[in-house]
Amino acid sequence: MLNILLFLTIIVLSSIVTVLISLEGTINATTFVSRENEGFVLPGLGLVDFGEFRKAPVAISGNNIYIVWWTNSTGNDEVMLRMSTDAGQTIGDKINLSNTTVADSIDAEVAAEGNNVIVTWWERNQTSNEPVMRVSNDNGATFGPLLELASNGTL
């Protein structure tokens, strides 16, 4: 029964396992142990936190490419953006869209159409978990203020 559960877990998390296998070589499935809400214990890697598997969503509009991600290089998670205006031939400097010191900015998503770019994410700390967004109407050259989506009333 344990082997079946491990097999199903590996199927569900195949992209994570593929990355880990490429880092570690071969993995004996009997040593692939899940720790609820923490991650997975893998031989040679120890506990691999689910939070380590971040994505960098991409949106494309015309020749413009927008890439967002969140990183913890400042002591708390921040949402970053990089753009290309020439179909990926070159890419601009990273821009910190969140700039928060009291919350982690995580789970970023991006959408683009025409001149409009919308980046959403969550601001989380011990007492709050709020969805927010910033909008650009000039292909990402500038972004408007942080809009708190959970607040009632006009944004």
Side-chain angles (χ1 to χ4, degrees), residues 5 8-24 32-42 45-155:
L5 290 175
L8 292 175
T9 302
I10 290 171
I11 289 173
V12 170
L13 299 171
S14 63
S15 62
I16 293 172
V17 172
T18 301
V19 170
L20 293 173
I21 288 172
S22 68
L23 292 174
E24 181 63 18
F32 184 78
V33 179
S34 173
R35 290 176 59 181
E36 185 177 341
N37 296 324
E38 292 182 41
F40 289 92
V41 176
L42 296 172
L45 293 178
L47 178 65
V48 179
D49 184 355
F50 287 131
E52 293 177 16
F53 300 101
R54 301 172 183 232
K55 59 182 179 175
V58 175
I60 300 171
S61 179
N63 283 331
N64 298 330
I65 302 172
Y66 307 95
I67 306 140
V68 296
W69 71 98
W70 59 102
T71 182
N72 190 336
S73 61
T74 61
N76 70 310
D77 284 306
E78 299 288 350
V79 171
M80 308 303 255
L81 168 77
R82 289 192 77 176
M83 303 177 284
S84 173
T85 58
D86 56 11
Q89 297 299 309
T90 61
I91 192 161
D93 293 335
K94 66 182 175 181
I95 301 166
N96 185 337
L97 290 177
S98 57
N99 283 318
T100 56
T101 58
V102 296
D104 286 322
S105 306
I106 60 173
D107 298 333
E109 297 288 340
V110 62
E113 184 175 333
N115 295 336
N116 303 309
V117 183
I118 300 171
V119 180
T120 64
W121 67 90
W122 289 85
E123 290 288 320
R124 290 191 180 135
N125 60 30
Q126 290 78 15
T127 61
S128 179
N129 187 22
E130 299 293 326
V132 297
M133 75 179 201
R134 290 192 65 190
V135 177
S136 171
N137 302 114
D138 57 9
N139 296 310
T142 62
F143 279 83
L146 184 71
L147 302 172
E148 296 176 357
L149 301 176
S151 300
N152 287 329
T154 305
L155 296 178

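These values consider heavy atoms only, across backbone and side chains, with no hydrogens, waters or symmetry-generated copies. Predicted model only: the values in this text are computed from it and were never measured.
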Specify the closest pair of heavy atoms between [X] and [Y], including all atoms of both residues, with the distance to one decimal.
{"X": "W70", "Y": "K55", "result": "CZ3-O, 3.8 Å"}
{"X": "A56", "Y": "W69", "result": "CB-CB, 4.1 Å"}
{"X": "A112", "Y": "S61", "result": "CB-CB, 3.9 Å"}
{"X": "T100", "Y": "S105", "result": "OG1-OG, 3.0 Å"}
{"X": "R124", "Y": "D107", "result": "NH1-OD2, 3.1 Å"}
{"X": "S84", "Y": "A87", "result": "OG-N, 3.8 Å"}

Taking [Y]'s backbone N and O only, do any of them form a donor-acceptor pair with [X]'s side chain (distance below 3.5 Å, no angle check)?
{"X": "T120", "Y": "V132", "answer": "no"}
{"X": "E78", "Y": "T71", "answer": "no"}
{"X": "D77", "Y": "I106", "answer": "no"}
{"X": "E130", "Y": "L149", "answer": "no"}
{"X": "N76", "Y": "A103", "answer": "yes"}

Requested in this report: Apply side chain to side chain contact (heavy atoms under 4.5 Å, CB included) to V58 and I67, showing your working.
Outcome: CA-CA 5 Å; V58 175; I67 306 140; 4.0 Å; yes
Got [X] and [Y] here, is their nearest side-chain heavy-atom distance under 4.5 Å?
{"X": "N139", "Y": "M83", "result": "no"}
{"X": "V68", "Y": "W121", "result": "no"}
{"X": "V79", "Y": "R134", "result": "no"}
{"X": "V119", "Y": "F143", "result": "yes"}
{"X": "V117", "Y": "N64", "result": "no"}
{"X": "I60", "Y": "I65", "result": "yes"}

Query raised in the report: Quick one: salt bridge (charged side-chain N to carboxylate O under 4.0 Å, His left out) partners of E113, sequence neighbours excluded?
Result: none
Query - Flag if over 12 foreign heavy atoms under 6.0 Å of CG, D138 - result: yes
Report task. Evaluate the criterion side chain to side chain contact (heavy atoms under 4.5 Å, CB included) for residue pair N116 and V135; output intermediate values, then yes/no. Result -> CA-CA 7 Å; N116 303 309; V135 177; 5.6 Å; no
Query raised in the report: How many angstroms lie between atom CD1 of I95 and atom CE of M80, to the nearest 0.5 angstrom?
Result: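 Reported value, rounded in 0.5 Å steps: 9.5 Å.
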Query raised in the report: Can you tell me how far the CD atom of E123 sits from the CG atom of D104, to the nearest 0.5 Å?
Result: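 Reported to 0.5 Å precision, the distance equals 8.5 Å.
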